[in-house]
Each structure stands twice: as C-alpha cells, then as structure tokens.
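Every chain is numbered from 1, with letters handed out A, B, ... down the list of sequences.
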Amino acid sequence: MAAIEVEKLSKTFRVPEKDEGLWGSVKALFHRRFRNTTAVSEVSFSIEEGELVGFLGANGAGKTTTLKMLSGLLHPTEGRASVLGHVPWRREAEFQKRFSLVMGYRSQLWWEIPAQETFRLNQEIYEIPEAEYRRNLDELVDLLDLSDCLSVPVKKLSLGQRMKAELAAAILHKPKLLLLDEPTLGLDVVMQKRLRLFILDYNKRNNATVLLTSHNMEDVVELCRRILIIDHGKLLYDGPLRQVVEKYAPLKVIRVDFREAVSAADLEPVGRVTESSELRAVVEVPRAEVSARAAKLLSKFPVSDLTIDETPIQDVVRRIFASGET
Amino acid sequence: MIAKFLRIWTRMAVMSFGAQLSYGIGSFGFLAGKLIRLFFFFAYIVAIFSHTKSLAGYTLAETVLFFLTYNVVDITAQVFFRGIYGARRAVQDGDLDYYLIQPCPPLIRLAASTVDFLDLVTLVPVLALLAATWTKLPGIGLAEIAGYCLLVLNGVLIALAVHIIVAALAVRTQELENTIWIYRELMFLGRFPVDIYGGALKIVLTVFLPIGVMTSFPAKALLGLLSPAEGVYALGVAAASLSFSLWFWRDALSRYTSVSS
Amino acid sequence: MRKYLYVFGLSLQNVLQRRATLVMDRVGGLAAILALYYFWEAILQGKDEFLGYSRSQMLTYVLLMNVMRSFVFTGRGWELVQEIAHGRISSYLLRPLSYQGYSLSLDLAQKTIHLASALLELVVLVALFHAPVYVPARAETWTLFAVAVAASSLLFFFLEFLVSCLAFWTSESGGPLFCFELFLNFAAGSFFPIDVLPRMLQELLRATPFPYLVFFPINIYLERVSGPEAFRLLAIELGWLAAAWAGTQVIWRRGLAVYAAEGG
C-alpha cells in the first residue's frame with residue numbers, strides 16, 4: 001500500500017487586503033477583499049511505504065505548503081490526499097500518532113526547561129506506554145548521542161544539539177512517516193552528516209517512509225534515490241535522482257593539469273573550455289564520449305593529472321528551474 | 001480520553017511552572033499589584049458603607065458577596081485560560097502548527113501553555129474573605145450553595161467561550177490581540193451587582209455581553225433572589241456561547257493558513 | 001526647544017496611527033466610568049447629599065475622573081522600563097537631547113489626544129445620562145483648576161519616571177511600576193474620592209503627593225476647597241512637584257552611572 005497518495009492537490013491562498021488598524025480589522029471581518037495566490041497547483045504523486053524521497057524546489061515553490069497539507073495543517077483548495085490511509089486534514093488521532101513533521105526553522109521544545117520535559121509531554125500526548133517510551137528514548141539517546149543534552153534547559157543547547165533533541169522529540173512515538181522540512185538548516189557540516197546518517201538508519205530499521213525538503217543538495221544526494229521537483233506550485237519532475245542528472249547534465253567535466261603551458265585554443269578540439277590558465281584547464285565534453293576525449297587529451301598533451309567529474313547537482317537543479325519544464 | 005487530557009494538562013502546567021521559575025520571581029510586583037487592587041477596592045466598599053445602609057437594596061455583606069464572586073469567576077478564568085491570550089503568538093511563532101499535528105486538542109494545549117500560578121495566590125484571600133462574608137449572611141440552605149457553585153462554574157464557562165472566540169479571531173486574522181484586553185476592561189462592570197445598572201445597560205449585560213450572568217447571577221442565587229427561570233437562562237447562555245465559540249474556533253482552524261517560514 | 005516641538009508633532013501622528021491601542025485605552029476607561037457612575041447613582045438614591053457632596057458634585061466627580069485619568073495618568077514609564085531592560089537608553093545619551101525633555105514631549109502628545117477624546121466622551125456621557133453636571137460658580141475656579149491639573153499632570157510624569165528608574169537596579173522590570181499604578185488609582189482618588197475612607201487612612205494619604213494627582217484638582221473644580229485653603233494646597237502640590245523633579249534628577253544620574261558601570 002502506498003504511504004502517501006496525492007491526486008491533483010491544489011492550494012490557493014486568499015490573501016486578504018485590508019485597511020490598517022483595529023477598525024480596518026473589524027471592517028475586514030465583515031467585508032473583505034481578497035487577492036488569490038496559487039501556492040500548489042494540481043500536484044499528483046504517490047510514495048510507497050519505506051521510500052525515502054527528496055522534495056526539491058526554490059523558495060516559495062510550494063514544498064512547505066504541500067508538506068503542511070500532507071500533515072493536515074492546511075485544507076487544500078482542491079484535490080485529494082491519502083496519507084497512511086487517512087485524509088490528513090481530518091486530523092484523526094489515529095493518523096496523528098503515526099506520523100511526525102519536523103521543521104528545521106521551528107521548535108516544539110520548550111525553551112526554558114530541559115528537553116526531557118517535552119519528551120515526557122509527548123509521551124502523554126502520543127500515549128506511549130512507559131516501557132516502550134524507555135526503550136525508544138534509550139535508543140535515541142544512544143544513536144543521537146543525546147545524553148548530555150537531556151537535562152539542560154533547551155536555550156542553553158547549541159543549534160546542533162537542539163536539532164538532535166528536536167528530532168528525538170518528533171520520533172519518540174516511532175512514526176511510520178517522517179515529513180522533514182529543512183532538517184539540516186543552519187547546522188555545521190559534521191552535524192549535517194550525522195543527522196543524515198540517522199535519518200537513513202531510521203528509514204531502514206523501521207521501514208519508515210521519509211519525505212524531506214532541503215536546500216542542501218548534499219542531503220538529497222546522500223539520502224534520496226527518488227526526487228520530486230516542484231516549481232511555481234507545479235510538479236516538474238518525479239523520478240530517480242540519477243535520471244535527472246543524465247537528462248539535465250548531458251556533459252561531464254574534465255579537469256587537467258599540465259606539465260607545460262597549453263593554450264585554450266589548442267584544447268578546443270577536445271571540448272568546450274570553461275576555465276584555463278597556463279598549467280590547468282577545465283573542459284566540458286559530451287557524456288557518451290568522455291573516455292575517448294580523455295584518451296585524446298592524454299595522448300596529445302603533456303598531462304600531469306586528470307579527473308572526471310559530474311556537473312554539480314546544484315547546477316543541474318538550477319538548470320531545471322531555469323528551463324521551467326521537464 | 002478525559003483522563004488523558006487531564007494528564008497532558010497537568011504535565012504542561014508543571015512545565016509552565018518550571019518555565020516561570022526560570023525567570024525568577026520576576027512577577028512578584030504583579031502579584032503585589034493585584035493584591036493591592038483587591039484590598040483597596042474592598043476597603044473602599046466597606047468605607048462607603050459606613051456612611052450608607054444599602055446599595056440598590058443590598059446590604060454591605062451582600063454587596064461584598066457580589067464583589068468577591070466577581071473575583072472568583074474572573075481570577076479562575078485568568079488562572080486557567082491565561083494561555084489562550086497567547087493564541088496570536090502561537091500562530092506567529094508557529095507553535096500552533098505543532099499543536100495541530102499532534103493527537104491532543106489544540107485548545108487544551110493553548111490553555112495549558114501558561115497557567116498563571118501567581119493568580120492562584122490571589123484567589124486565597126478572596127476565598128478567605130468569601131468565607132468571612134458567608135457568616136454575615138442570613139442562614140443559607142444547601143440548595144442555594146449548590147446553585148451558587150453551579151453558577152460560578154457557569155460563569156467561568158462563559159469566560160471560556162469569550163476566550164475561545166478571541167483565540168479564533170487571532171487565528172483567523174493573525175492579529176486582534178487587543179480584543180482580550182477590551183474584555184478584561186469591560187469586566188470592571190462585573191464588580192457591582194448588575195441591578196445597579198440602568199435599563200438598557202442591564203439588558204446589554206444580561207443578554208449581549210453576559211457579564212451580569214457571569215458575576216451577579218451566582219451571588220443572587222446564593223441570596224435566594226434568582227428565579228429558576230433565570231437560572232435556566234444562565235445555563236442556556238453558557239451552553240449557547242460555548243457551542244458558538246467552539247464552532248467559530250473550528251471554522252477558524254479550517255481557514256488556518258499557517259505562517260510561512 | 002524646536003526639536004522637542006518636532007518630537008511632539010511626530011508623536012501625535014504616532015499615537016493616532018496606533019488606533020487599536022487608543023481605542024482599547026478609551027474603551028477601558030469608559031467601562032470603569034460607567035460602572036462607577038451607576039454605583040454612585042445607586043448609593044445616592046433618595047439622598048440629596050453624601051459626605052458633603054451634593055448629588056451633582058458626586059456624579060461630576062465620577063465624570064471628571066475619566067478626564068483626569070486621560071490627562072494625568074499617561075506617562076512614559078513602561079517605555080522607559082523597556083528601554084532600560086533592553087539597553088536602548090545609551091542610544092539617546094549619544095544625541096544632543098535631554099531624555100526627559102524628549103520623553104515629556106512624547107507624553108504631552110499622548111495627553112493631548114487622550115484629553116480630546118475624553119472631552120468628547122464627556123459630552124456624550126452627559127447627554128446620555130442627562131447628568132446633573134456641576135459647573136463652578138466662580139470664574140477664578142477655572143484658572144485654579146487649570147493650574148492644579150497642569151501641575152498634577154507633571155507630578156505624575158515625574159513620579160512615574162522615578163518609579164520606572166528602579167529598573168536600573170532591579171531585574172524585575174515592570175513589576176514595581178504595575179504595583180505603583182494600581183496603588184495610585186486608589187491613593188489618588190481616581191476610583192473613589194478619598195474622603196469616604198476612615199479619618200486615619202485619609203490623613204495618611206493626605207501626607208503623600210498622591211491625592212494631589214486627581215482628588216485635589218477635582219475638589220477645586222467642585223469648589224469644595226477655595227480661597228486661602230485652595231492656595232495652601234496648591235502650594236503643597238507645587239512643592240511635591242519640585243521634590244519629584246529634584247528626585248528624578250538625582251535618581252536618573254545615579255541610574256545612568258550604574259547602567260554605564262554594567263556596560264549598558
């Protein structure tokens with residue numbers, strides 16, 4: 001059974017235009033003028049149980065709005081969605097106990113008191129039996145290395161520690177579905193890596209479905225085999241990450257170091273020269289011919305070193321948004 | 001179900017107490033201010049009665065009963081519903097997002113997010129004075145006492161409805177945080193027996209802004225001055241205002257548009 | 001002087017722009033006046049006078065309370081406390097501007113608007129209640145009343161400033177001010193005239209500056225004090241004003257020293 005099924009989901013925000021001040025607000029209660037803005041437009045996709053899917057898009061593309069509809073925060077204007085077999089915006093307790101939403105830019109932990117207090121509160125809210133709570137907490141403390149952070153007021157934690165505690169609070173009840181909105185926002189590289197490993201591990205161990213948005217391409221490249229790309233509220237791409245790279249990055253990049261100076265003009269027969277100084281150059285070549293062209297370089301020029309790279313995924317995605325089509 | 005909500009409420013209340021403690025006794029001045037207001041008001045009423053016999057037919061003890069009953073209803077509502085004042089902040093900070101995706105009614109989360117323990121302290125002298133006033137009143141039967149307690153609770157429920165409506169307004173408009181303060185100020189009218197107010201105002205306070213029903217009806221019931229019809233009317237007002245407020249709240253949530261990051 | 005006039009003008013606009021807060025303040029004041037007006041009407045039922053107040057004097061006292069509170073009880077205390085707590089005071093000290101002069105200009109703008117609104121409300125309330133308004137019989141009463149009100153308005157400003165300056169020393173920022181303002185409502189006679197209190201308590205209050213804020217000016221208006229007695233009390237009020245001003249200067253300087261020592 002699919003964990004998430006979305007059909008022609010649309011969300012149009014009616015943005016009230018009102019006069020300022022209390023009187024304006026009172027007037028606006030009875031007579032309002034609106035401007036419509038479409039955040040999500042006829043989006044359809046389906047995610048199987050246990051999949052780990054990346055959700056990409058520029059700021060304001062509609063990622064967060066979609067996640068908020070899937071978690072039941074927002075009612076869609078049109079369309080259907082079924083998440084873990086429930087209609088999310090009915091906000092049924094049975095549904096709410098089986099998923100979790102983590103927003104990297106927000107916190108559910110109480111600022112002034114230790115994180116374990118919020119954990120206990122979540123135990124009550126999600127009705128987790130004591131034994132299970134203990135077991136889950138111990139496991140999380142172990143995996144996320146939380147032991148030092150539990151009894152310190154949250155405001156005294158570092159951003160990385162807080163994010164780990166945040167994640168722990170969100171999955172104490174072992175959700176079958178994790179919706180992650182920018183989970184690595186603002187974290188340093190080491191902490192990002194650690195969090196990614198944890199998410200991957202959680203997904204494998206519990207066969208949990210994970211849908212994550214991120215500005216950080218490393219997150220997507222390391223975690224997700226499948227991605228969804230959304231732009232201006234429309235779904236542009238749904239498929240394997242690999243295929244996107246092949247489709248939108250038809251070129252590979254060869255970096256060469258030379259023993260003696262080589263001019264850019266001499267290199268033109270090999271491929272398009274994008275960078276060149278006397279002893280070093282970067283050449284773009286068609287994907288299919290990469291080995292032939294590399295051989296040519298090695299035989300015709302005084303090469304001291306040579307590497308072949310993929311176009312960085314950031315550039316690929318930027319290119320997709322720029323073209324605005326699949 | 002109720003047991004679960006009670007456990008969540010208790011835990012949040014304890015947490016909110018911990019959070020308040022972390023700010024030190026920063027609000028001691030506020031507590032002292034509230035006690036000053038209570039005692040001075042009380043003192044003035046007593047002082048004025050040393051020069052007169054009655055207020056609209058009520059004796060000193062009876063007038064004091066009205067004043068103290070107002071305080072019981074008002075303070076109880078303050079203690080338990082204080083967190084609802086924060087609805088706009090919860091919308092703005094995104095806390096409401098978390099309340100909405102978790103299996104516990106968001107109103108309970110809102111209300112329990114701040115429990116005003118300091119106000120609980122102000123309830124102590126009010127109850128003590130109430131007990132002292134009790135002895136000054138002519139013999140009161142069990143039925144009157146039961147009616148009093150029921151109508152005090154009824155008044156608190158009407159206050160709850162007002163708070164829910166204000167919270168719903170905050171969710172719908174993401175502003176109007178001042179509305180609750182207008183309510184707080186209007187409650188001043190509840191300090192005196194509703195019977196002193198002139199025709200039109202008395203009707204307004206009984207029907208449209210049922211402050212009189214909240215604060216005066218319990219005291220009148222205790223004094224045996226409330227007809228059964230009026231009692232039923234009071235319960236009806238609470239039931240109607242609560243149902244309306246809950247409908248309004250649900251409607252506001254269905255239009256909720258979460259703030260963007 | 002011109003810069004303070006400019007601040008005054010800007011602040012007028014600012015108060016008018018924050019209409020929600022203004023409306024709320026006004027509604028709040030009105031609720032209290034309504035309640036107290038009916039309260040005294042009920043007390044006076046079938047009586048011609050109460051404690052030497054005629055019916056029209058007592059009801060006029062209540063109606064004037066709203067005007068007095070609008071003109072006297074608007075300070076800059078809360079803003080000052082906030083600015084001390086958030087360390088924003090230093091930004092004022094760098095400018096060629098007296099903070100108190102600046103603050104007073106802002107306050108005068110508030111007072112102007114609240115007074116205008118209060119006078120409008122007074123007309124409406126009088127029309128609504130057919131209230132028996134007491135009008136002073138002697139022309140000089142108006143002058144005395146105006147001087148007393150102006151002095152009490154300044155007295156409140158400096159007293160509140162003094163209490164707000166406590167924030168330099170205590171971490172508990174708003175508490176003392178909240179306490180003080182609630183206490184003032186009773187001690188100044190802005191809920192009830194203080195002569196209903198037992199003699200002992202009255203004497204105690206009369207030895208403080210507080211009754212000069214509301215109770216004394218209204219009594220001048222109602223011509224319950226006049227002649228030499230009025231001048232004597234006015235002199236005492238001005239004495240309190242001078243003392244409050246002097247106290248403010250000292251506390252302000254000491255507070256700034258503490259503030260600077262802690263690095264703002």
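C:Ile33 contributes atom CD1, which lies 8.0 Å from atom CZ of B:Phe188 (distance to the nearest 0.5 angstrom). Rounded to the nearest 0.5 Å, atoms CZ (C:Phe178) and CD1 (B:Ile36) are 9.5 Å apart. Between the OH atom in C:Tyr37 and the CG atom in B:Leu201 there is a gap of 12.5 Å [rounded to 0.5 Å].
The number of heavy-atom neighbours closer than 6.0 Å to CZ of C:Arg88, taken from other residues, nucleotides and ligands shown, is above 12. Residue C:Lys47 qualifies as enclosed at atom NZ: its count of foreign heavy atoms under 6.0 Å is above 12.
Heavy atoms closer than 4.5 Å to chain B are found in the side chain of C:Phe50, but not in its backbone. Interface remark: C:Leu44 contributes no atoms to any contact with chain B (heavy atom separation under 4.5 Å). The parts of C:Leu34 that come within reach of chain B are both its backbone and its side chain, each placing non-hydrogen atoms under 4.5 angstrom from that chain. Only the side chain of B:Phe192 comes within contact range of chain C, judged by heavy atoms closer than 4.5 Å. With a 4.5 angstrom heavy-atom cutoff, B:Leu35 does not touch chain C via any of its atoms. With a threshold of 4.5 angstrom between heavy atoms, C:Phe192 approaches chain B through its backbone and through its side chain.
Nearest heavy atoms, C:Pro193 versus B:Tyr44: O-CE2, 3.8 Å. Heavy atoms only, all atoms of each residue included: C:Ala31 and B:Glu185 are closest at CB-O, 3.5 Å.
Put simply, of C:Ala42, C:Ala32, C:Gly29, the one with the most heavy-atom pairs under 4.5 Å next to chain B is C:Ala32. Among C:Leu51, C:Ile194, C:Val27, the residue making the largest number of heavy-atom pairs under 4.5 Å with chain B is C:Leu51. Chain B forms the most heavy-atom pairs under 4.5 Å with one residue out of C:Leu201, C:Asn185, C:Leu36, and that residue is C:Leu36. Contacts with chain C were tallied for B:Leu189, B:Thr52, B:Ile48; B:Ile48 has the most, counting heavy-atom pairs under 4.5 Å. With chain C as partner, the option from B:Ala47, B:Gly57, B:Ser50, B:Gly190 having the largest number of non-hydrogen pairs under 4.5 angstrom is B:Ala47.
In this structure, C:Phe191 and B:Phe41 have tilted ring planes: the angle between them lies in the 30° to 60° band.
Side-chain contact between B:Ile196 and C:Trp40: absent, with no pair of heavy atoms (C-beta onward) separated by less than 4.5 Å. Counting only heavy atoms from C-beta outward, the side chains of C:Leu182 and B:Phe40 never approach each other to under 4.5 Å.
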